[in-house]
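We name chains A, B, ... by the order of the sequence lines, and we start the count at 1 in each one.
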Amino acid sequence: MPELPEVEVVRRGLEAHVIGRRIVQVEVRHPRPVRRHLAGADDFAALLTDRLLVGARRRGKYLWMPLDSGDAVLAHLGRSGQLLVQPARAPDERHLRVRFSLGHAAGPGPTGLELRFVDQRMFGGLSVSPGGAELPPEIAHIARDPMDPLFDDDLFVRRTRRRASGIKRILLDQTVVSGVGNIYADEALWRAQLHGDRLGTRLRPTELRRVLAAAREVMAAALREGGTSFDALYVNVNGESGYFDRSLHVYGREGRPCDRCGTAIRRVAFMNRSSYFCPRCQPPPRVRRASATGSGTVPV
DNA sequence: CATAGATCCTGTATGC
DNA sequence: TGCATACAGGATCTAT
């Protein structure tokens, strides 16, 4: 569920409600979300107990919270993860996986506040990154995101044009550009009027800059809408939030008319999920028969 | 090396 | 009603 805007909203919520608090107790209720912490759940809990949370940072769809120990709690929400700040008396969520009981920076006592990792499908997870306060080495391979002031547009164009993959697949490759997921990839491609199967090697720099600009627009709009709902004592990302629904032009709109030209939106299978596009505004690349071997076709 | 596809997990919606 | 299948907003491992 969460792409860059949703994760950024969570980060802001953490920044507002969790920074400066001490972790007084950690309860791992399901082993899977801490699977990337190779030393195990007990070690995970031990490294975090009594530590002070000093920040909330993000790279693409990854979040991390630096600790006073110099380590960091590294988090990824996967497809269904949530980080919630809740009063301790709030009933446990059905898919509550990890509970952090929080206290004051100074004293040992609990504040009655908890940080909860809730995740139905458990593709997401938590780990402790040793010395990862500045940038966890585990995510050093993740590129900057298009909203990052240090994002390098020229580098993105150069790297994309070296790839013989469809532009949609490239947009989803977090080592090329981070934060873009299935929805915003489709939305950005619709805005840029490019089909997702167009090969990176065959796209012009202007076309790629158009995609980047479109991705920024879509994300900025989502951030504007989602950014208002984290004020409560509650680090947002309400599962199915739905706040972005209104502004979607293609995603989930199979058969409905394109907002630009009226043609019916198409849906095709893509990487075990779906791609949506307007067949007129985003014409698919021509397909020619592969030469000598004659085994199948390649988009040109 | 680069790339496409399979895979982890749980739940809900839909069709027969 | 029961059962099977498709699908869900991600990242990574594996095969080619």
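The P atoms of C:dT14 and B:dC9 are separated by 15 Å, rounded to the nearest whole Å. One P atom belongs to C:dA6, the other to B:dA6, and the distance between them is 14 Å to the nearest Å.
Searching all strands for a Watson-Crick or G-U wobble partner of B:dT3 with both distances below 3.5 Å returns C:dA15. Summarising the base pairing, B:dT12 is matched to C:dA6 through a Watson-Crick or G-U wobble pair whose two defining distances lie under 3.5 Å.
The side-chain tip of A:Arg260 points at the ring of A:Trp190 from less than 6.0 angstrom away and within 45° of straight on.
Residue pairs that meet the salt bridge (Lys or Arg N to Asp or Glu O under 4.0 Å) test with at least one member in residues 264-283 of chain A, sequence neighbours left out, are A:Glu254-A:Arg267.
The CZ atom of A:Arg267 sits 8 Å away from the C1' atom of C:dC7 (whole-angstrom rounding). As rounded to whole Å, 9 Å separates atom P of C:dA11 from atom CG of A:Leu172. When rounded to the nearest whole Å, the span between NZ of A:Lys168 and C1' of B:dT3 equals 17 Å. What separates CG of A:Asp197 from C1' of B:dT3 is a distance of 14 Å, to the nearest Å. Rounded to whole Å, atom P of C:dA11 lies 12 Å from atom CG of A:Asp145. As a whole-Å value, the separation of A:Gln82 CD from C:dG10 P is 15 Å. Rounded to an integer number of Å, the gap from A:Glu254 CD to B:dA13 P is 19 Å. At whole-Å resolution of the value, CZ in A:Arg36 and P in C:dA11 are 11 Å apart.
Distances shown here put a side-chain N or O of A:Ser274 below 4.0 Å from the OP1 or OP2 atom of C:dA8. In this model, the phosphate group of C:dA11 is not approached by any side-chain N or O of A:His141 to a distance below 4.0 Å at OP1 or OP2.
Counting heavy atoms from C-beta outward, A:Lys168 and A:Leu189 have side chains that approach closer than 4.5 Å.
In this pair, A:His37 and A:Phe44 present their aromatic rings perpendicular. The plane angle is above 60°, beyond the 30 to 60° band.
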- Any chance you could lay out the side chain to side chain donor-acceptor pair (under 3.5 Å) test for A:Ser178 and A:Asp145, step after step, and finish with the verdict? CA-CA 5 Å; A:Ser178 71; A:Asp145 67 69; 4.7 Å; no

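Residue contacts for A:Tyr62: at a heavy-atom cut-off of 4.0 Å it reaches the sugar-phosphate backbone alone, with no base atom in range.
The minimum heavy-atom distance between A:Val250 and A:Gln282, with the atom names listed, is CG1-OE1, 4.4 Å. A:Pro33 approaches A:Phe117 most closely through the heavy-atom pair CB-CE2, 3.8 Å.
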- Can you give one letter per nucleotide of nucleotides 6-11 of chain B, going 5' to 3': B for a protein heavy atom under 4.0 Å from the base, S for sugar-phosphate only, - for none? -BBBBS

